[in-house]
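What follows is a single structure, written as structure tokens, with notes after it.
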Amino acid sequence: MKRRDFIASSLLAGVISSSWDFEAFAQSTDDKPKAITNKINKKPIKPFYLEPNEPKDPDLKIRFEQTNNQFAATEIYVPPKTMGPSPHVHKDLDEVMRVTKGTASVLIGNEVFQVEEGGWLMRPHDIVHTFWNASDEPLSFIDIYPNQNFDLFLVELVKNFNQLRVEGIALDSKEGQRRLDVNNAEWGIVIYHDQRKGIMDKYGLK
């Protein structure tokens, strides 16, 4: 090994050994871990940068096509004491949440998780879930959607919301729910509209 290579590798080893808890790390891995590589997506992904912007809800950050059809991501902003979507279930889509500000209350099945700033949470498919902000402070989080072009669903959802408003149809009316459910079904989503009010009443949400 050349001297410069030895020095570089030694420095790297020093950084890792001084900051990593190897004992805890070793206990969390298999004896012979194997790399799992996605061999389907061979097309290179181009670098891209997104500048900071003022909060809006939802804010579509990364589109599925930008990552060579691997994932999409949005940033969600929820005002204080505000309910998220009605409890629902995805047939195929998993969702990964990372809270960047405030505390998110997340219902998954029969359990409510309190995800604080900096926390991560997986919402698996085939399990009923929803989220809300029960606190007096604003909530923001990033949602990552692996292996599905869920960004296109969100774009279509906003268009449907706007169309209902133009027609003067309330989103929580029977007709509004029926119209939205048509699109939901196409994306493998089932909404449990009747469970929304109970959560709102219990936690004093709007």
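Computed from a predicted model, the values in this text were never measured in an experiment.
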Joint hydrophobic cluster, Phe161 plus Ile169, side-chain heavy atoms closer than 4.5 Å: yes
Interatomic spacing from CD1 in Ile191 to CG in Asn184 - rounded to 0.5 Å: 4.5 Å
Between His125 and Asp92, a side-chain donor and acceptor under 3.5 Å: no
Side-chain donor-acceptor pair present, Thr103, Ser135, cut-off under 3.5 Å: no
Nearest-0.5 Å distance that lies between atom NE2 in His90 and atom CH2 in Trp187: 11.5 Å
Crowding at CD, Gln114 (>12 non-hydrogen neighbours, <6.0 Å): yes
Centroid separation Phe153 to Tyr145 less than 6.0 Å: no
Cluster overlap Val115 with Ile76, hydrophobic side-chain contacts below 4.5 Å: yes
Spatial distance of atom NE2 (His88) from atom CD1 (Ile127) [nearest 0.5 Å]: 12.0 Å
Distance in Å, Leu157 CG paired with Leu152 CG, rounded so as to fall on 0.5 Å steps: 12.5 Å
Over all atoms of both residues, closest heavy-atom pair of Ala134 and Lys81: O-NZ, 2.8 Å
Residue pairs involving residues 95-124 (criterion salt bridge (charged side-chain N to carboxylate O under 4.0 Å, His left out); sequence neighbours excluded): Glu95-Arg123, Arg123-Asp143
Glu75 versus Tyr77, side-chain donor and acceptor atoms under 3.5 Å: yes
Val128 with Met200, same ILVMFWY side-chain cluster at under 4.5 Å: no
Any side-chain heavy-atom pair of Leu93 and Gln148 under 4.5 Å: yes
Gln66 side-chain N/O to Arg63 backbone N/O, donor-acceptor pair under 3.5 Å: yes
Flag, side chain of Asp94 to backbone of Pro124, donor-acceptor distance under 3.5 Å: no
Flag if over 12 foreign heavy atoms under 6.0 Å of CG, Asn162: yes
Short side-chain to backbone donor-acceptor contact, Gln195 and Tyr192, under 3.5 Å: no
Phe141, Phe113, Tyr203 screened by ring pair (Phe, Tyr, Trp, His ring centres under 6.0 Å) with Trp132, the one that passes: Tyr203
Same apolar cluster (I L V M F W Y, side chains within < 4.5 Å links), Val106/Val78: yes
Straight-line distance of Thr130 OG1 to Ile108 CD1, nearest 0.5 Å: 10.5 Å
Closest non-hydrogen atom pair, Pro79 against Asn133: O-ND2, 3.1 Å
Non-hydrogen atoms of Ser173 and Ala170 that approach each other most closely: OG-O, 2.7 Å
Test log, rule side-chain contact (heavy atoms from CB on, under 4.5 Å), inputs Gln70 and Ile45: CA-CA 10 Å; Gln70 296 184 67; Ile45 299 175; 3.1 Å; yes
same_hphob_cluster(Leu180, Leu154) at 4.5 Å side-chain heavy-atom cutoff: yes
Which residues share a salt bridge (Lys or Arg N to Asp or Glu O under 4.0 Å) with Arg178, sequence neighbours left out: Glu175
Audit row: Arg179, Glu167, side-chain contact (heavy atoms from CB on, under 4.5 Å) steps and yes/no: CA-CA 12 Å; Arg179 296 261 292 267; Glu167 297 180 28; 3.0 Å; yes
Val99 side chain near Phe131 side chain, heavy-atom distance below 4.5 Å: no
Residues that, via side-chain heavy atoms closer than 4.5 angstrom, fall in one hydrophobic cluster with Val96: Phe48, Leu50, Ile62, Phe71, Trp120, Met122, Ile142, Ile144
Side-chain donor-acceptor pair present, His193, Asp181, cut-off under 3.5 Å: yes
Lys61/Asp59 ion pair, N-O < 4.0 Å: yes
Inter-residue atom distance Asn160.CG - Arg165.CZ, 0.5 Å rounding: 11.0 Å
